[in-house]
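Just so you know, these numbers use all the heavy atoms, side chains as well, and skip hydrogens, waters and symmetry mates. Just so we're on the same page: letters track the sequence lines, and every chain starts at 1.
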Amino acid sequence: MQEKYLPTEIEHAAQARWTASQTYRARDDSDRPKYYCLSMFPYPSGRLHMGHVRNYTIGDVLARYHAMRGFNVMQPMGWDAFGLPAENAAIANNVPPAAWTYANIDHMRTQLKALGFAIDWSRELATCKPDYYRWEQWLFTRLFEKGVIYKKMATVNWDPVDQTVLANEQVIDGRGWRSGALVEKRDIPMYFFRITQYADELLSGLDNLPGWPERVKTMQANWIGKSVGVRLAFKIPAAGVKATPHPSPLTPDDLLWVFTTRADTLMGVTFVAVAAEHPLATRAAESNPELAAFIAECKQGSVAEADMATMEKKGMDTGFKVTHPLTGESIPVWVGNYVLMSYGEGAVMAVPAHDERDFGFAQKYGLPIKQVIGVEGETFSLDAWQEWYADKARGCGVNSGKYDGLGYEAAVDAIAADLAALNLGEKKTQFRLRDWGISRQRYWGCPIPIVHCEVCGDVPVPAGQLPVVLPEDVVPDGSGNPLNKRADFVNCACPTCGKPARRETDTMDTFVESSWYYARYACPDFDGGMLDARADQWLPVDQYIGGIEHAILHLLYARFFHKLMRDEGLVSSDEPFVNLLTQGMVIADTYYRESADGKKTWFNPADVETRDGVAALKADGQPVVVGGTEKMAKSKNNGVDPQALIDQYGADTARLFTMFAAPPEQSLEWSDAGVEGAHRFLKRLWKLAFEHVQGGTVAAFAGGELPDAAKTLRRQLHQTIHKVGDDIERRKQFNTAIAAVMELMNALAKLEGDDVTTRSVRQEVLEAAVAMLAPIVPHIGEALYAELKPDAVMAWPTVDEAALVQEEIELMLQVNGKLRGQIRVAAAATREAVEAAALASEVAQKYLEGKPPKKVVVVPGRLVNIVV
RNA sequence: GCCGGGAUGGCGGAAUCGGUAGACGCAGCGGAUUCAAAAUCCGCCGCUGGUAACAGUGUGGGGGUUCGAGUCCCCCUCCCGGCACCA
């Protein structure tokens, strides 16, 4: 055995062995129970970052642990290969996104292999390959024919200078990131998945996911946002709408519909607010230039909800009046910049007395505020908003005529019934969740398989003509979708009538690819359809691991897609992921410089050094701005490159440190400190094994009498085996598992003696410790086990219950809840005996001063608390 | 703004069901080894007072429940994630 721990040598040897013997190939024909362990696939951004290392090490630990426990493990890997960064790179470097992406994949695959993950590389897939997206297009056409996919107008960010649609991320302070132009909202036609049709099932299905973190289920439930409310109408009187020369969708017979969850406050409505795009607003603006200007202003800015919610609430009176459905009152109609046309009805009723946003709006514009809910003992004031104004639980009706005195539910029921009788409203269940718009006006994505024919309309591409292949020799220039300029792509024949037609040039949201890749891993080579029978053999995924930032969108879309595939007969399960582990962010400092036009250039932490509290770029020594600690991301260029770590210390050290630095679910602030400590531990482990092996072979302890020190060490060993198994399997907390083995190694180093019995205990401890660490540090684990026990198959150690037995235990002694001492009692001592021993102790005597105790609390195995 | 989460020594973190706060590691300090250094090994290490024994104090801030609270309840502050076109 080598005396020195040489990570590079043993890691290369181990990886070569695994590749040669296809060690991690998942068998489709095994009779062992399956364990499908899946980590979220990476976007091929160029190089791995620490977030990837963390994510895939967690998955690898679980995969290897289960393999040791006898499961037929599948751990696949692939590439979420379509997306915006490839187009940005293309613009910056004049490289086709395809070439850039494939080069990145090659590099990152090499990096993943160097980390020694137990991945079945035979199942690798890339979503930008036609043999993958072909089936996505096929499913699209099926769903289009079923009506699950439909077309409607939707609002996007429009850059008027670059003549292109912008992602929310590309809108910075209301301006285009490249052009700096003020961004406008523009309505364009898009294809939508009818996810709202599955809203109820997506919500109730959360109850069948005990293996998911509560916080993720809560976030999804809130996102779906099921609420029972009332859809009701205000009448538009004849006098309210003037005749106009050109046709308008509005007539005096029309009704202005709104949805509200607070129908109990209907008697307090003092105005109605409509979106800038609402027909009523459009009509009013025809004869009101000031209003037209305001509407134009509303159409500026980004479409992101965070922007909509934080911007200043503005409005303007349209001059129109509508009629209150119950009171017949005349209610003014305002345009509000915070009302979204694509949300519900594009109009809201405003009750300033009981809605905080309406309250602020009414105060700003001097609109009336009418209290219609009261809480006993509270006084209503127009000056300041009080929490209780919106309290459903405590309030009941006031100033509401026949509805006075009714609580929330009774009032809603009564009002809904009266509206129904007038044919002006009904109870309705509504979801916050909106249908999923998947059209992207971008090149580097999966083409939407639709042909636009002047005669036949939107025609889905027939299965036999799929895939619609994306040309890979394109270099986008940042102004619109280059596919529009590719005649060879655009021009085609209508599949139905054969006449010349135009191919759709929009591509799909990349969330579509990531919504079903987990299923394709079961049968990546199947060319006869989307999935074959192996999908049901492997699905659902037993353990899914990924970043908490995907808690809502990706995980909701994947759940939705699974149900779509189920309803197509492709899979039989209802949910794709049984257990979910949401790893925390890997965060790191950010550094940037801002140019005169407000554009920020971000610098990698590796290129920045801090001296005397001032951060400066190593390259030019000039200062950079410290931008705070944020999740490692391409956009902020604060990813830490793990390659340097691997080169210097080896993959096992990188893996060990990542697992040791923080528990998986917490965010992990990256710092170079501590890596050294992890490496030191591996060297120490190697040395302990080396020194033991030098003494010659010995079988692990198999029974018999032991001296106290060895007996205590054995007890600690078996306590550790119990803890490590529990930490990995149930708690999924690896830092404490590693700490427990470190403690065990510290204790082993202190065990003295070279007799056969002592050495047999040492052998037992080392075998078990190496096996327990092997899922985390597999290369050194395999190397050491081969030295300790040549030619043996590494097995997960089992707990020897007999080794855990203790005759005497120590209990903490508290007086009035404060720790004052300890007592030793027999492990089997009764409660009475423990109490007596406690009271007899010197400490108790001191505090009791001869008086009897008020109370004695005995917590078995833990402590005694004497109250005096 | 809305939804979800977090805050514990100089630092990363532990305390799993309300029962010894600070395991394990990093940094630091002291010692051994060495011609010397690195590496390695041993010891100390929340804060305040004390030579010490020990006492007081301490888990973001304020209040509460309990024999006992880092853990449960109420209020507040700050930080992080998501907000539908970053992935």
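Classified by interplanar angle (parallel below 30°, tilted 30° to 60°, perpendicular above 60°), the ring pair A:Phe361/A:Tyr338 is perpendicular. The aromatic rings of A:His554 and A:Tyr517 are tilted relative to each other, their planes meeting at an angle between 30° and 60°.
Rounded to whole Å, the distance from CZ on A:Phe511 to C1' on B:rA84 is 8 Å.
A:Lys723 contributes a side-chain N or O that forms a donor-acceptor pair with the base of B:rU16 under 3.5 Å. On a pure distance criterion of 3.5 Å, no polar donor-acceptor pair joins the side chain of A:Arg862 and the base of B:rU20. The base of B:rC85 lies close enough to the side chain of A:Gln441 for a donor and an acceptor atom to sit less than 3.5 Å apart. At a cut-off of 3.5 angstrom, the base of B:rC67 holds at least one donor-acceptor pair with the side chain of A:Asn865.
By the 6.0 Å contact criterion, NZ on A:Lys392 is enclosed, its count of non-hydrogen atoms from other residues, nucleotides or ligands being greater than 12.
If you check every strand for non-hydrogen atoms under 4.0 Å, A:Trp223 touches a base. Across all strands, A:Asp726 comes closer than 4.0 Å to base atoms (heavy-atom distances). Residue-level contact check: A:Ser439 touches the bases, meaning some heavy atom is under 4.0 Å from a base atom.
Distances from the side chain of A:Leu553 to the nucleotides B:rA87, B:rG19, B:rC85 place B:rA87 closest. Of the candidate nucleotides B:rA87, B:rA14, B:rC85, B:rA14 has the atom lying nearest to any side-chain atom of A:Asn735. Taking the side chain of A:Ala167 as heavy atoms from C-beta on, and the options B:rG19, B:rG25, B:rC86, the nearest nucleotide is B:rC86.
Regarding the sugar-base torsion, B:rC17 falls in the syn class, its angle being within 90° of 0.
Atom name P, nucleotides B:rG9 and B:rG30: the rounded distance is 25 Å, in whole Å.
For A:Gln716 and B:rA23, the shortest distance from a side-chain N or O to OP1 or OP2 is not below 4.0 Å.
Between A:Asn816 and A:Asn865 the shortest heavy-atom distance is N-OD1, 3.5 Å.
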